[in-house]
Amino acid sequence: MALFRGMWGALRALGRSGAEMCAGCGGRLPSPLSLICIPKCFSSNMGNHPKKPMSSYLRFSTEQLPRFKAKHPDAKLSELIRKIGAAWRELPDAEKKVYEADFKAEWKAYKEAMSKFKDQLTPTQLVSFEKEGRQKRLKKKASIKKRELTLLGKPKRPRSAYNIYVSECFQESKEESSQGKLKTINQAWKNLSSDERQVYIQLAKDDRIRYDNEMKSWEEQMAEVGRSDLIRRSVKRSEDVPED
């Protein structure tokens, strides 16, 4: 669907039909709505576009992680990241500037390579490439963020009473399909008495306490390694309020 919208937008912007768009690469379409056909030259170029260089800190972290793992084999990844963050902050300016200079040089080369790459595309391909690029960046950003938080050891969110009940009953359900299991469990949840449901409500409250405690400790660690951007806004605001 995303590809359909991207190709349709390109056609509208350039005023071409699907048949006209693919004529240049030999992939003529029978009708303007046959947008699943992508020009062969565009498909081959898509995988060859220049890749962005790593930032100074990311390069440093990538180099240092194996060393810190060797020094601290029993340490959790979040602990290793905290140690690497501290090492980066303590790194002499002269050494830090080497990483920054390498990044600037690679970024300049990347921009030049990207400019040459775009010059090889037709107007139609360029519109499609930029549209798909924006979609991929958004998707990749969300994926990287999720992966990063996992690697940093961010505590799992608290579960609701219903989710705890579903997790407990899912494997015991005799229904064959997942959809059938959920339907059966949902009905069973509705039939629970107030006393029976209260057990799961209390478990959810306990899980919330677990989450709050773990988050407080985790956010303190993030502040120590210079990742205050990951701290919840409500926590930041409460820290900024002056005491009476």
Side-chain angles (χ1 to χ4, degrees), residues 1-6 46-47 49-69 72-89 99 103 106-107 110 114 128-168 170-171 178-179 181-182 185-186 200 203-239:
M1 181 58 70
L3 176 59
F4 181 90
R5 287 196 297 267
M46 269 296 291
H49 64 81
K51 309 299 181 183
K52 288 184 178 179
M54 290 189 293
S55 65
S56 306
Y57 177 69
L58 184 57
R59 182 190 296 275
F60 176 79
S61 299
T62 303
E63 292 176 357
Q64 295 299 321
L65 185 57
R67 301 172 187 175
F68 276 81
K69 278 184 176 180
H72 311 280
D74 298 326
K76 295 181 180 179
L77 186 56
S78 59
E79 296 175 357
L80 295 176
I81 292 174
R82 182 172 59 183
K83 293 179 183 294
I84 292 173
W88 173 256
R89 291 196 303 274
Y99 285 96
F103 172 72
E106 291 187 3
W107 182 259
Y110 162 76
M114 180 59 77
S128 296
F129 174 74
E130 292 181 343
K131 280 182 176 290
E132 291 187 16
R134 284 193 294 270
Q135 293 171 349
K136 286 185 177 181
R137 284 193 296 272
L138 290 174
K139 185 177 181 180
K140 185 177 180 180
K141 185 177 180 180
S143 177
I144 290 175
K145 185 75 171 181
K146 183 177 180 180
R147 192 184 315 127
E148 179 187 30
L149 292 176
T150 300
L151 291 174
L152 289 173
K154 184 176 181 180
K156 292 183 178 180
R157 294 187 63 82
R159 296 180 297 170
S160 67
Y162 175 73
N163 286 337
I164 294 175
Y165 179 77
V166 170
S167 177
E168 180 181 287
F170 193 82
Q171 297 300 329
S178 297
Q179 185 176 1
K181 287 184 178 182
L182 290 175
I185 293 171
N186 183 55
Y200 296 97
L203 288 173
K205 289 180 179 179
D206 293 342
D207 197 37
R208 179 72 200 194
I209 294 174
R210 182 273 311 165
Y211 173 76
D212 290 339
N213 291 335
E214 290 182 358
M215 278 297 295
K216 182 178 179 181
S217 176
W218 182 76
E219 286 175 331
E220 289 173 353
Q221 292 181 8
M222 294 302 101
E224 289 178 7
V225 300
R227 293 304 306 273
S228 58
D229 58 300
L230 299 178
I231 298 176
R232 291 167 293 180
R233 292 181 181 178
S234 59
V235 175
K236 291 181 181 179
R237 283 197 295 269
S238 63
E239 290 176 349

If you round to the nearest 0.5 Å, how far is CD of Glu106 from CZ of Arg59?
-> 4.0 Å

Identify the heavy atoms of Lys69 and Leu80 that sit nearest to each other, and give their distance.
-> CG-CD1, 3.5 Å

Approximate separation, where rounding is to 0.5 Å, of Leu203 CG and Arg210 CZ = 12.5 Å

Please list all pairs passing the ring-ring contact (aromatic ring centres under 6.0 Å, His included) test where one or both residues lie in residues 140-162, with sequence neighbours left out.
-> Tyr162-Trp189

Can you measure from CZ (Arg208) to CG (Asn213) and round to the nearest 0.5 angstrom?
-> 11.0 Å

With sequence neighbours left out, write down each residue that passes side chain to side chain donor-acceptor pair (under 3.5 Å) with Glu130, or none if nothing qualifies.
-> none

For Glu148, what residues pass the side chain to side chain donor-acceptor pair (under 3.5 Å) criterion, not counting sequence neighbours?
-> Arg227

Side-chain donor or acceptor of Thr150 paired with backbone N/O of Lys146 under 3.5 Å = yes

Indicate the atoms forming the closest heavy-atom contact of Ala87 with Phe68, along with that distance.
-> CB-CZ, 4.0 Å

Does a sphere of radius 6.0 Å around NZ in Lys145 hold more than 12 heavy atoms from other residues, nucleotides or ligands, not counting ones at 6.0 Å or beyond?
-> yes

Taking all non-hydrogen atoms of both residues into account, name the closest pair between Tyr110 and Pro50 and its distance.
-> CE1-O, 3.6 Å

What are the two closest heavy atoms between Pro158 and Asp207, and how far apart are they?
-> CA-OD2, 3.3 Å

Side chains of Lys83 and His72: does their closest heavy-atom pair fall under 4.5 Å?
-> yes

Please examine the side chains of Glu219 and Met215, heavy atoms only from C-beta on, and report whether any two atoms are closer than 4.5 Å.
-> yes

Would you say Trp218 and Leu149 make side-chain contact, with heavy atoms under 4.5 Å?
-> yes

Where do Ala161 and Ala204 come nearest, in terms of heavy atoms and distance?
-> N-CB, 3.6 Å

Student check: side-chain heavy atoms of Leu77 and Leu65 closer than 4.5 Å = yes

Do Glu214 and Lys154 have side chains that get closer than 4.5 Å, going by heavy atoms?
-> no

Show your working on salt bridge (charged side-chain N to carboxylate O under 4.0 Å, His left out) between Lys216 and Asp212 and close with a plain yes or no.
-> CA-CA 6 Å; Lys216 182 178 179 181; Asp212 290 339; over 6 Å; no

Answer yes or no: is there a donor N or O on one side and an acceptor on the other, between the side chain of Ser61 and the main chain of Tyr57, under 3.5 Å?
-> yes

Could you give the distance from CD (Glu79) to CZ (Arg82), rounded to the nearest 0.5 Å?
-> 6.0 Å

Could you tell me the separation between the CH2 atom of Trp88 and the CD1 atom of Ile81, rounded to the nearest 0.5 Å?
-> 15.5 Å

Correct closest heavy-atom pair for Arg232 and Tyr211 would be NH1-CE2, 4.2 Å

Would you say Arg157 has more than 12 foreign heavy atoms packed within less than 6.0 Å of its CZ?
-> no

Anything under 30° is parallel, anything over 60° is perpendicular, the rest tilted; go ahead and classify Tyr200 against Tyr165.
-> perpendicular

Rounded distance (nearest 0.5 Å) linking atom OG of Ser56 with atom CH2 of Trp107 | 12.0 Å

